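Reading through the structure tokens given below for one structure.
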Amino acid sequence: MLVLLASIFVVHIATVIMLFVSTIANVWVVSDFGAGSVGLWKNCTSGGCDDNLSYAGEDALKAVQAFMILSIIFSVISLVVFVFQLFTMEKGNRFFLSGATMLVCWLCVMVGASIYTHHYANSSRNLYGKSHHGYSFILTWICFCFSFIIGILYLVLRKK
């Protein structure tokens, strides 16, 4: 049981780190022709990064930014609640609060990544004609899977 809790804790920390990286890094879409990429915050080329996103004022991008920030906040809250419950909860109880908070994080990741996928992942809306998904986009979907698994495991596990 201790090994399972420790492994869930490590995966949870990895998920928080990956959420930070995927939200902060500007590599959601990468150009096939050169060293250029687009993120949630900036457009980066080989000459540097600038705030010249053609869709920077759109509500959909602001929603993606908000949901990704909320997912980080809920993931950190879930981690703190889990550690708190680990030391204060009575034996035999389940980690309902940390599981529910992690599932809210999962929901925020799902909404943010889905909005970005629908509006900006195709090549007609981003700045580059031919492009592919960057590591930030892929990390976001990996965090989507991890946060769901962690949330369900928190709901199922009992403290022994």
Side-chain angles (χ1 to χ4, degrees), residues 1-30 37-44 49 53 55-56 58-123 125-126 131-160:
M1 184 66 175
L2 183 62
V3 173
L4 181 63
L5 287 175
S7 62
I8 291 172
F9 183 73
V10 168
V11 171
H12 195 149
I13 289 176
T15 302
V16 170
I17 292 170
M18 288 189 297
L19 278 172
F20 268 110
V21 169
S22 68
T23 303
I24 293 170
N26 292 307
V27 193
W28 282 63
V29 175
V30 179
S37 63
V38 177
L40 297 180
W41 313 100
K42 295 180 185 239
N43 176 27
C44 296
C49 294
L53 284 176
Y55 46 83
E58 292 185 14
D59 291 336
L61 182 66
K62 292 180 183 192
V64 173
Q65 291 170 344
F67 278 111
M68 291 308 295
I69 290 170
L70 282 173
S71 70
I72 292 171
I73 291 169
F74 282 118
S75 183
V76 170
I77 289 172
S78 177
L79 187 64
V80 170
V81 167
F82 173 69
V83 171
F84 182 73
Q85 284 181 327
L86 197 59
F87 292 110
T88 62
M89 193 169 58
E90 295 178 10
K91 289 185 177 184
N93 290 342
R94 296 181 189 259
F95 298 96
F96 281 124
L97 189 57
S98 55
T101 311
M102 197 62 188
L103 288 178
V104 172
C105 166
W106 167 74
L107 188 66
C108 289
V109 172
M110 180 183 65
V111 171
S114 297
I115 291 172
Y116 191 88
T117 302
H118 176 72
H119 285 280
Y120 307 112
N122 60 356
S123 61
R125 292 292 302 258
N126 60 39
S131 59
H132 60 276
H133 303 299
Y135 69 85
S136 297
F137 184 79
I138 296 166
L139 275 180
T140 302
W141 285 109
I142 291 171
C143 290
F144 166 76
C145 297
F146 280 175
S147 60
F148 179 73
I149 292 168
I150 293 168
I152 295 299
L153 284 175
Y154 281 157
L155 292 176
V156 171
L157 285 179
R158 292 181 183 270
K159 183 177 178 185
K160 293 193 179 202

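Positions are given from 1, in the same order as the sequence printed here. Note that the structure is a prediction, hence the values are computed from the model and not measured. For the numbers below, each heavy atom of this structure counts, side chains included, while hydrogens, waters and symmetry mates do not.
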With a 4.5 Å cut-off on side-chain heavy atoms, are [Y] and [X] touching?
X	Y	value
F95	L86	yes
V16	F20	yes
F137	T117	yes
L5	F82	yes
F96	L155	yes
C108	I73	no
Y154	L103	no

Between [X] and [Y] (side chain of the first, backbone of the second, donor and acceptor by atom type, cut-off under 3.5 Å), is there such a pair?
X	Y	result
S114	V111	no
S78	F74	no
S37	N26	yes
S75	S71	no

Mind checking the [atom1]-[atom2] spacing from [X] to [Y]? Nearest 0.5 Å is all I need.
X	Y	atom1	atom2	result
S147	M18	OG	CE	9.5 Å
S136	M68	OG	CE	9.0 Å
F146	W141	CZ	CH2	15.0 Å
I149	M102	CD1	CE	10.5 Å
I8	T15	CD1	OG1	11.0 Å
I152	I150	CD1	CD1	11.5 Å

Taking all heavy atoms of [X] and all of [Y], pick out the closest pair and write down the distance.
X	Y	result
L19	T23	O-OG1, 2.8 Å
I138	H133	CD1-O, 4.3 Å
W28	S22	NE1-O, 2.8 Å
V38	Y116	O-OH, 4.4 Å

Count the heavy atoms of every other residue, nucleotide or ligand shown that sit under 6.0 Å from CZ of F144, and state whether that count exceeds 12.
-> yes
- Is there a side chain to side chain contact (heavy atoms under 4.5 Å, CB included) between W41 and I24 once you walk through the steps? CA-CA 8 Å; W41 313 100; I24 293 170; 5.6 Å; no
- Could you walk me through whether I77 and V104 pass the side chain to side chain contact (heavy atoms under 4.5 Å, CB included) check? CA-CA 11 Å; I77 289 172; V104 172; over 6 Å; no
